[in-house]
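Predicted, not measured: the structure shown is a model, and the values here were computed from it.
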Amino acid sequence: QVQLVESGGGLVQPGGSLSLSCEVSGLVLSAFDMNWYRQAPGKERELVAGISSGGYRTNYSDSAKGRFTVSRDTAKSTVYLQMNSLRPEDSAVYYCAALHPSSLFRHCVLWRTEPIDYWGQGTQVTVSS
């Protein structure tokens with residue numbers, strides 16, 4: 001059984017920092033692209049950051065770039081999202097998601113589904129004074 005469990009969310013003041021963790025079980029972390037999404041009330045789910053299965057490539061949304069850092073520890077089977085200089089608009093539920101690269105074509109072209117194989121349950125981040 002595949003499980004993705006996020007932790008580290010909470011309440012933080014503007015300008016503060018939080019580190020989120022996603023502990024993965026039931027799959028080989030090094031074989032999957034790992035992404036962080038977030039969703040605020042009334043808004044669409046947004047891709048925040050991602051790291052490739054090989055660990056050499058990362059990507060960030062325009063909002064996250066320069067403030068957030070995604071990383072992984074394969075020995076601990078854990079993916080991290082370090083968030084600095086937090087703003088109130090960063091408040092959202094943050095989700096960890098996994099995609100096997102070989103699944104991308106099936107998801108997006110053949111099945112017409114979201115290009116994600118597994119989702120975590122999410123962790124709440126609230127930025128407020």
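A donor-acceptor pair under 3.5 Å is absent between the side-chain atoms of Glu23 and the main chain of Val5, judged by distance alone. A side-chain donor-acceptor contact under 3.5 Å links Thr78 to the backbone of Lys76. A donor-acceptor contact shorter than 3.5 Å is absent between the side chain of Tyr95 and the backbone of Gln39. Ser52 places a side-chain N or O within donor-acceptor distance of the main-chain N or O of Arg57, the cut-off being under 3.5 Å.
Looking only at side-chain heavy atoms (C-beta outward), Met83 and Thr69 stay at 4.5 Å or farther from each other. No side-chain heavy atom of Tyr80 sits less than 4.5 Å from a side-chain heavy atom of Cys22. In this structure, Val12 and Thr126 have side chains that are not in contact, with every pair of non-hydrogen atoms separated by 4.5 Å or more. Residues Phe32 and Leu99 form no side-chain contact, since every pair of their non-hydrogen atoms from C-beta on lies 4.5 Å or further apart. In this structure the side chain of Thr123 never reaches within 4.5 angstrom of the side chain of Val93, judged on heavy atoms. Taking the side chain as every heavy atom from C-beta outward, Ser61 and Glu46 approach each other to under 4.5 Å. The side-chain heavy atoms of Ser30 and Arg72, taken from C-beta on, include a pair separated by under 4.5 Å. Considering only heavy atoms from C-beta on, Ser91 stays 4.5 Å or farther from Leu86 through its side chain.
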Subject >> Working for side-chain contact (heavy atoms from CB on, under 4.5 Å), residues Met34 and Cys96 >> reply: CA-CA 7 Å; Met34 300 299 300; Cys96 181; 3.6 Å; yes
Original post:
Are Lys43 and Arg38 close enough, and set up right, to give a side-chain contact (heavy atoms from CB on, under 4.5 Å), and what steps lead you there?
Top reply: CA-CA 10 Å; Lys43 295 185 178 180; Arg38 69 186 181 189; over 6 Å; no
**OP:** Would you sort out whether Ser7 and Leu20 count as a side-chain contact (heavy atoms from CB on, under 4.5 Å), showing the intermediate values?
**Re:** CA-CA 6 Å; Ser7 62; Leu20 306 183; over 6 Å; no
**OP:** Starting from the C-alpha separation in whole Å, work towards a yes-or-no answer on side-chain contact (heavy atoms from CB on, under 4.5 Å) for Gln3 and Val24.
**Re:** CA-CA 6 Å; Gln3 289 188 323; Val24 178; over 6 Å; no
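Cluster membership for Leu47 and Leu4, using ILVMFWY side-chain heavy atoms within less than 4.5 angstrom, is not shared.
The distance between the ring centers of Trp119 and Tyr37 falls below 6.0 angstrom.
When the shell of 6.0 Å around CD of Glu89 is examined, it contains more than 12 heavy atoms from other residues, nucleotides or ligands.
Neither side chain, His100 nor Asp33, offers a donor N or O lying under 3.5 Å from an acceptor on the other.
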